[in-house]
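Below is one structure, written out as structure tokens, with a few remarks after it.
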Number of protein chains: 2
Amino acid sequence: MQQHATHHATSYTEHPPERLHLVHKLRSITDLTAEERQALMDLPMTVRSYARGQDIVREGDIPSECCLILDGFASRYKLLPDGRRQIMAFHTPGDMPDLQSLHIRVMDHSVAAMMPTKAAFIPHKSIRELTGRFPGLLHAFWRDTLIDAAIFREWMIGIGRRDAHERIAHLICEMLLRFRGVDLAPEDTFKIPATQNDMADALGLSNVHVNRVLMDLRRDGLITWTNHTVSILKWEELQVRGLFDATYLHQVH
Amino acid sequence: MQQHATHHATSYTEHPPERLHLVHKLRSITDLTAEERQALMDLPMTVRSYARGQDIVREGDIPSECCLILDGFASRYKLLPDGRRQIMAFHTPGDMPDLQSLHIRVMDHSVAAMMPTKAAFIPHKSIRELTGRFPGLLHAFWRDTLIDAAIFREWMIGIGRRDAHERIAHLICEMLLRFRGVDLAPEDTFKIPATQNDMADALGLSNVHVNRVLMDLRRDGLITWTNHTVSILKWEELQVRGLFDATYLHQVH
DNA sequence: CCCGCGGCCTAACCTATGTTGGCAGGGTCT
DNA sequence: AGACCCTGCCAACATAGGTTAGGCCGCGGG
């Protein structure tokens with residue numbers, strides 16, 4: 001709600017409203033001056049649309065632009081030669097899933113749309129020019145990639161050391177907070193773009209087992225999950241099951 | 001060998017030789033000018049020593065300095081409330097395991113010595129001052145944290161989607177390359193500071209199972225592993241077993 | 001010198017999770 | 001409408017890997 005107020009406070013009528021997600025996201029992790037915000041809004045970008053399942057960036061690519069999720073939902077994933085898939089991150093509007101390509105030439109994983117998704121592409125050149133003028137933005141971007149890494153670490157401990165129930169509860173907790181962060185979870189309910197199969201690939205489980213555990217969580221009245229929408233009924237208890245502690249999201253600020 | 005030549009080419013007699021590891025490491029991922037190298041060597045640092053098992057930085061800390069491994073070997077890890085442990089990274093001399101603390105206030109994991117280890121502490125202030133003067137170094141540090149994240153991702157797919165044999169073979173492959181990178185693996189043999197228990201916690205397995213798999217690898221003549229030293233006997237075959245592809249280390253340059 | 005501890009190794013047993021296969025409902029394309 | 005296909009759901013069975021327990025060895029400390 002507060003964030004919503006923010007949206008209305010600063011209006012940039014000459015740009016499509018989706019650009020605000022980027023400003024909004026970066027403000028959620030650091031402070032920005034008015035000039036910095038304006039400079040972000042002025043970044044040149046070309047927009048493309050993707051259907052569910054389509055790749056936005058592909059492993060092996062050598063990007064010369066970064067992509068910014070404007071609308072929809074994306075995942076980062078990697079495939080083993082025999083087709084096993086590991087999803088390594090989910091991304092909401094305002095995220096730049098391949099920001100790292102600024103400093104790492106070749107993509108070591110892919111980015112795909114998990115639902116109809118609009119992505120904007122910003123030339124590396126423009127970003128470099130921007131961060132050259134605004135050191136504050138440079139640090140914001142760096143910080144963003146560092147938080148990314150923190151989430152990877154948290155997922156690692158999940159996949160490596162939590163059992164299936166803990167993992168799934170934990171992921172649902174994380175999603176709720178991140179959707180809340182972009183005002184997409186009113187009343188602890190949100191549209192989840194991931195199928196049970198996607199969840200499985202994110203958590204290192206099989207789709208069948210994800211289904212089993214989900215049934216348990218529903219039976220115990222912690223959540224409902226129908227038709228791609230999830231409601232958290234017992235937030236406290238869900239956190240306990242997932243051993244959830246939000247500090248790793250570094251959203252405080 | 002080439003790197004060894006490099007060592008001798010540039011000598012900074014007024015500093016302890018361990019400082020060269022940092023220069024060496026950063027040069028393995030990016031180009032540095034002579035001034036930048038000198039500036040690195042001139043960083044103020046205070047040195048402390050740690051025994052195996054001691055924490056160098058602890059989860060929850062709010063560091064005002066970054067640590068640099070001068071000598072020895074360190075791991076980054078995280079504990080669950082009931083004591084389950086996940087190791088998320090190994091670090092060799094020249095690495096700065098908590099570089100992220102520059103932009104992320106509170107540590108979300110710990111760093112520990114895995115053998116007697118010497119670490120240097122560099123005030124954030126000095127690093128900020130340095131990166132202010134040398135944008136090249138700023139990008140080198142940023143790039144370093146991005147490679148870190150790339151390794152996290154690779155470990156994620158390992159823990160999530162590879163079976164125990166693949167995981168263990170893969171980790172040994174990675175270690176060989178990283179030790180080679182710092183001239184610590186002559187003839188494909190290196191001192192491994194990790195116990196089988198450490199390996200288990202890094203790979204999301206139990207120590208017993210690590211032992212089982214290690215026996216297999218030895219029986220098949222791929223490696224020897226005695227007394228904390230590992231030799232790779234069949235490098236090709238080990239890579240095949242681990243589905244190993246080194247691009248994620250981004251060491252090429 | 002002995003003691004205790006930590007690291008390895010082994011065996012017997014157990015269970016969480018994977019696999020396969022099959023069914024039902026809802027979209028979507030023709 | 002019919003034919004698909006994807007997603008969720010469910011049951012029966014299979015197995016990789018966990019757990020527990022114990023023995024052995026080498027080392028550092030008293």
Side-chain angles (χ1 to χ4, degrees), chain A residues 51-54 73 75 80 82-87 112-116 158-169 171-172 191-219 223-230 241, chain B residues 51-54 73 75 80 82-87 112-116 158-171 191-219 223-230 241:
Chain A
R52 165 168 173 89
Q54 270 193 304
F73 202 75
S75 69
L80 288 180
D82 66 355
R84 279 173 286 178
R85 177 176 67 147
Q86 177 68 41
I87 291 180
M114 305 192 65
M115 56 184 287
I159 300 171
R161 286 302 181 213
R162 280 192 254 260
D163 70 26
H165 283 261
E166 291 163 348
R167 271 183 245 186
I168 291 178
L171 180 53
I172 295 176
K191 277 235 132 205
I192 186 160
T195 67
Q196 295 186 0
N197 224 312
D198 295 330
M199 297 276 289
D201 284 345
L203 296 168
L205 296 167
S206 69
N207 51 359
V208 177
H209 202 61
V210 167
N211 185 278
R212 282 197 273 251
V213 173
L214 247 23
M215 300 303 283
D216 290 348
L217 292 181
R218 282 186 279 205
R219 178 177 31 73
I223 63 165
T224 64
W225 172 313
T226 22
N227 217 351
H228 277 251
T229 92
V230 177
R241 284 236 196 162
Chain B
R52 163 165 175 90
Q54 270 193 304
F73 202 75
S75 68
L80 289 180
D82 65 356
R84 280 173 285 179
R85 177 177 67 148
Q86 177 68 40
I87 290 180
M114 305 191 65
M115 56 185 288
I159 300 171
R161 285 303 180 213
R162 280 192 255 261
D163 70 26
H165 284 261
E166 292 164 348
R167 271 183 245 186
I168 292 179
H170 193 277
L171 180 53
K191 277 236 131 206
I192 186 159
T195 68
Q196 295 186 358
N197 226 311
D198 295 329
M199 296 277 289
D201 283 345
L203 296 168
L205 297 167
S206 69
N207 52 358
V208 177
H209 202 60
V210 167
N211 186 277
R212 283 197 273 251
V213 173
L214 246 24
M215 299 304 283
D216 290 348
L217 291 181
R218 283 186 277 205
R219 178 175 32 73
I223 63 165
T224 64
W225 173 314
T226 23
N227 215 351
H228 276 252
T229 91
V230 177
R241 285 235 195 163

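These figures come from a predicted structure and were not determined experimentally.
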Rounded to whole Å, please give me the gap between CZ in Arg219(B) and C1' in dT10(C). 14 Å
Please tell me whether Arg167(B) and His170(B) have a donor and an acceptor in their side chains that are separated by less than 3.5 angstrom. no
Taking only side-chain N and O atoms of Asn211(A), does any of them lie within less than 4.0 angstrom of OP1 or OP2 on dC9(D)? yes
Sub-3.5 Å donor-acceptor pair from the side chain of Arg52(A) to the main-chain atoms of Pro116(A), do we have one? no
Show the distances under 3.5 angstrom between N or O atoms of the protein and N or O atoms of nucleotides 27-30 of chain D.
none

Roughly how many Å is it from CD1 in Ile168(A) to P in dT17(C), rounded to a whole number? 9 Å
Return the value, rounded to whole Å, for the distance between atom CG of Asp201(B) and atom P of dG7(C). 12 Å
Donor-acceptor under 3.5 Å (Asp201(A) side chain, Asp198(A) main chain): no
Please report the distance, rounded to the nearest Å, between CE in Met114(B) and C1' in dG6(C). 14 Å
Please state how far atom CG in Leu203(A) lies from atom P in dG18(C), giving the value in whole angstrom units. 10 Å
Presence of Arg218(A) side-chain N/O under 4.0 Å of dC9(D) phosphate oxygens OP1/OP2: yes
At what angle, to 10 degrees, do the two end axes of the helix from dC1(C)-dG30(D) to dT30(C)-dA1(D) meet, given five pairs define each axis? 40°
Is a side-chain N or O of Arg219(A) found less than 3.5 angstrom from the main chain of Leu214(A), in a donor-acceptor match? no
Can you see which heavy atom on His165(A) is nearest to which on Val213(A), and at what distance? ND1-CG1, 3.8 Å
Do you know the tightest heavy-atom contact between Ala194(A) and Trp225(A)? O-CZ2, 4.0 Å
Given the options Asp163(B), Val210(B), Ile159(B), Leu205(B) meets side-chain contact (heavy atoms from CB on, under 4.5 Å) only with Val210(B)
Compare every heavy atom of Ala200(A) with every heavy atom of Ser206(A), then report the nearest pair and how far apart it is. C-CB, 3.5 Å
Would a distance-only check, ignoring hydrogens and angles, find a side-chain to backbone donor-acceptor pair under 3.5 Å from Arg85(B) to Ala202(B)? no
Roughly how many Å is it from CG in Asn197(B) to P in dT19(D), rounded to a whole number? 12 Å
Give each protein N/O atom lying under 3.5 Å from an N/O atom of nucleotides 14-18 of chain D, with the pair distance.
| from | atom 1 | to | atom 2 | distance (Å) |
| --- | --- | --- | --- | --- |
| dG17(D) | OP1 | Ala164(B) | N | 3.1 |
| dG17(D) | OP2 | His209(B) | NE2 | 3.4 |
| dG18(D) | OP1 | Ser206(B) | N | 3.1 |
| dG18(D) | OP2 | Ser206(B) | N | 3.0 |
| dG18(D) | OP2 | Ser206(B) | OG | 2.8 |
| dG18(D) | N7 | Arg212(B) | NH2 | 2.8 |
| dG18(D) | O6 | Arg212(B) | NH1 | 3.3 |
| dG18(D) | O6 | Arg212(B) | NH2 | 3.3 |

For the residue pair Leu80(B) and Arg161(A), what are the closest heavy atoms and their distance? CD1-O, 3.8 Å
Residue pair Met215(B)/Arg52(B) against DNA chain C: nearer the 5' end by closest nucleotide is Arg52(B)
Are Asp216(B) and Arg241(B) close enough for a salt bridge, meaning some N to O gap below 4.0 Å? no
Please give, in whole Å, the distance from dA16(C) P to Glu166(A) CD? 12 Å
Rounded to the nearest Å, what distance is computed from the CG atom of residue Leu214(B) to the P atom of nucleotide dG7(C)? 15 Å
